[in-house]
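Reviewing the structure listed below.
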Amino acid sequence: MHWPHRPPGLRWPFHRPRFPGHLAWVDVAWAAFSVVNLVAIVVFSHWETVPFHFIWISLTLLYGFRVWSTKPTAWVLAVVMITTFTAIGWDVFHGAQSADELNEVPLMAAMFWMMVWHAQRRLAADNERDLVSEENARLLATQRRFLQDASHQLRTPITIALGHAELLAGDLAGRAEARDIEVVVGELTRLRRLGERLLMIAASEDPDFLRPEPIALDRFTMEAFRKWMPTARRRWTLGRLDSVLVTADRERLVLALDALLENAVRHTAEGEEIRLEVVRDRDGETARMIVADGGEGILPAELDRIFDRFRSGSQLGGTRGTGLGLALVRAVARAHGGEVRVRSAPGGGSVFELVLPAGRPPAPGPAAAVPGAELRGTPAAGRAVRSDALGAVSRPAHASGDPGPPGAGRTTVEEL
């Protein structure tokens, strides 16, 4: 540590070239100011208390900006004590002041040294914090690089193994070994999904992670609704669909919404409700994509950690997931400047909200929901979609696995 040491972040408002010997212009200015005040103590002996305190106050102010190391600080303190003691002693010798005035010198020195001690402790703490921060940043960068490399390197062999396993599954169809190969295909599929999500989470902090484009969330949600309806025997319903335009990465947003829907399917039973909604908040600044389910819910102790990596919920049943789906949702939400929220209670289902910054509302079009229409026979089951909004899929809107005749208390959408 060179003398005088100036820690990062502490800078004088005006910079001047330093004098030889690492002396800044402010050091020379303070030395001249102190000499003038020493002379004033001798010349104006009856007013010595004012220049005396000027010297010590200016020294404290100078040290606050300079924060010298201990050895040069001790030398400067010794010089100030000797010179001020000598000047006041001159006044005492000539009878202008009492000898009690000399007691101020060690008292001021003690106060100054206590300030030096606290400043050095603060400087040491700041240095240690900087070192810890740098180490943490290095570890996080190493971890993210490892996740990216491992996920990328595992993708190809897993894909090859999965392809061969699927071929074997086709050849072994109807035989006793088919069940074993189905387990292999399932686990390889899970490994591939885990690797893709790890890679996505690790890349979420990269500057080029997003490729934003304007997206109408109501249409986007109905596309997901149409895609997921045939996948599980649940009571799929559409709730409120506000016309909201966001600037987002469509591919990343699809992955996040799929993760929420996958989580809802995994933790609901056949016939239980899964509801999708898009709600623009009152301030108009944010919009929420809501995935609500009537499943088993989440324990209160799990709520704070539900978005951590490899957390699946200790009480949840159903099939085992990767433990990365909700972590992926949070990573995508934060990358878009939003957040993800959850409300849940054991036995009362769960409500996940993906909050995104909203833009200007798009002009109303044929994709708007029709208030009052039902997707199942129950009046509160949700809303239907216009027949020309989502394309042609000849399947009832309730998608519960038991279509039933159109006249049996269910409303069907012929071109959903």
Side-chain angles (χ1 to χ4, degrees), residues 1-140:
M1 181 179 295
H2 297 288
W3 176 78
H5 171 65
R6 178 182 295 178
L10 291 178
R11 295 290 185 268
W12 283 94
F14 303 101
H15 294 281
R16 293 288 190 277
R18 292 190 173 191
F19 288 91
H22 300 288
L23 292 177
W25 66 271
V26 69
D27 301 324
V28 178
W30 172 79
F33 179 76
S34 299
V35 170
V36 170
N37 280 280
L38 285 172
V39 173
I41 292 175
V42 175
V43 175
F44 305 102
S45 56
H46 293 285
W47 298 91
E48 57 82 22
T49 185
V50 175
F52 171 79
H53 287 95
F54 274 168
I55 293 174
W56 286 99
I57 292 173
S58 62
L59 175 61
T60 304
L61 181 63
L62 177 67
Y63 183 81
F65 282 94
R66 305 294 282 164
V67 190
W68 303 307
S69 58
T70 304
K71 187 175 181 179
T73 302
W75 277 104
V76 172
L77 179 61
V79 170
V80 172
M81 289 181 64
I82 291 172
T83 53
T84 54
F85 189 90
T86 302
I88 295 177
W90 177 268
D91 294 339
V92 172
F93 180 76
H94 288 84
Q97 294 290 341
S98 65
D100 293 338
E101 293 295 324
L102 294 172
N103 295 330
E104 291 192 31
V105 175
L107 290 176
M108 294 298 292
M111 291 178 61
F112 176 78
W113 192 254
M114 291 300 297
M115 186 270 293
V116 169
W117 179 67
H118 282 290
Q120 291 293 336
R121 289 178 64 245
R122 176 63 181 273
L123 184 61
D126 289 343
N127 290 336
E128 184 177 357
R129 182 190 60 193
D130 292 341
L131 290 175
V132 172
S133 298
E134 292 175 1
E135 180 66 15
N136 288 339
R138 186 187 66 81
L139 291 175
L140 287 174

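We use all heavy atoms of the structure for the numbers below, so side chains are in, but hydrogens, waters and symmetry mates are not.
Considering only residues two or more places apart in sequence or on other chains, Glu135 meets the salt bridge (charged side-chain N to carboxylate O under 4.0 Å, His left out) condition with Arg138.
More than 12 heavy atoms of other residues, nucleotides or ligands sit less than 6.0 Å from atom CZ of Phe33.
Summarising the geometry of Tyr63 relative to Ala119, their closest heavy-atom pair is CE2-CB, 3.7 Å, with the distance given to 0.1 Å. Taking both residues in full, the closest heavy atoms of Val105 and Trp56 are given as O-CZ2, 4.1 Å, listed atom of the first, atom of the second, then distance. In terms of heavy atoms, Ile41 sits closest to Ala87 at CG2-CB, 3.7 Å. When all heavy atoms of Asp91 and Ser45 are compared, the closest pair comes out as OD1-CB, 3.3 Å. Counting all heavy atoms, side chain and backbone alike, Ser58 lies closest to Trp30 at OG-NE1, 2.9 Å.
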Side chains of residues 75-83: which donor-acceptor partners sit under 3.5 Å, not counting sequence neighbours?
| from | atom 1 | to | atom 2 | distance (Å) |
| --- | --- | --- | --- | --- |
| Thr83 | OG1 | Val79 | O | 2.9 |
| Thr83 | OG1 | Val80 | O | 3.0 |

Donor-acceptor pairs are to be reported for all side-chain atoms of residues 46-53 against protein atoms at under 3.5 Å, with residues two or more places apart or in another chain.
| from | atom 1 | to | atom 2 | distance (Å) |
| --- | --- | --- | --- | --- |
| Thr49 | OG1 | His53 | ND1 | 3.2 |
| His53 | ND1 | Thr49 | O | 2.7 |
| His53 | NE2 | Glu104 | OE1 | 3.4 |

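For the atom pair CG (Leu102) and CG (Leu107), the distance works out to 11.5 Å, reported to the nearest 0.5 Å. Between the OG1 atom in Thr84 and the CD atom in Glu101 there is a gap of 12.0 Å [rounded to 0.5 Å]. A distance of 14.0 Å separates CG in Leu38 from CH2 in Trp90, rounded to the nearest 0.5 Å. Atoms OG1 and CH2, from Thr70 and Trp113 in turn, are 6.0 Å apart once rounded to the nearest 0.5 Å.
Considering only heavy atoms from C-beta on, Thr60 comes within 4.5 Å of Met115 through its side chain. The side-chain heavy atoms of Asn136 and Val132, taken from C-beta on, include a pair separated by under 4.5 Å.
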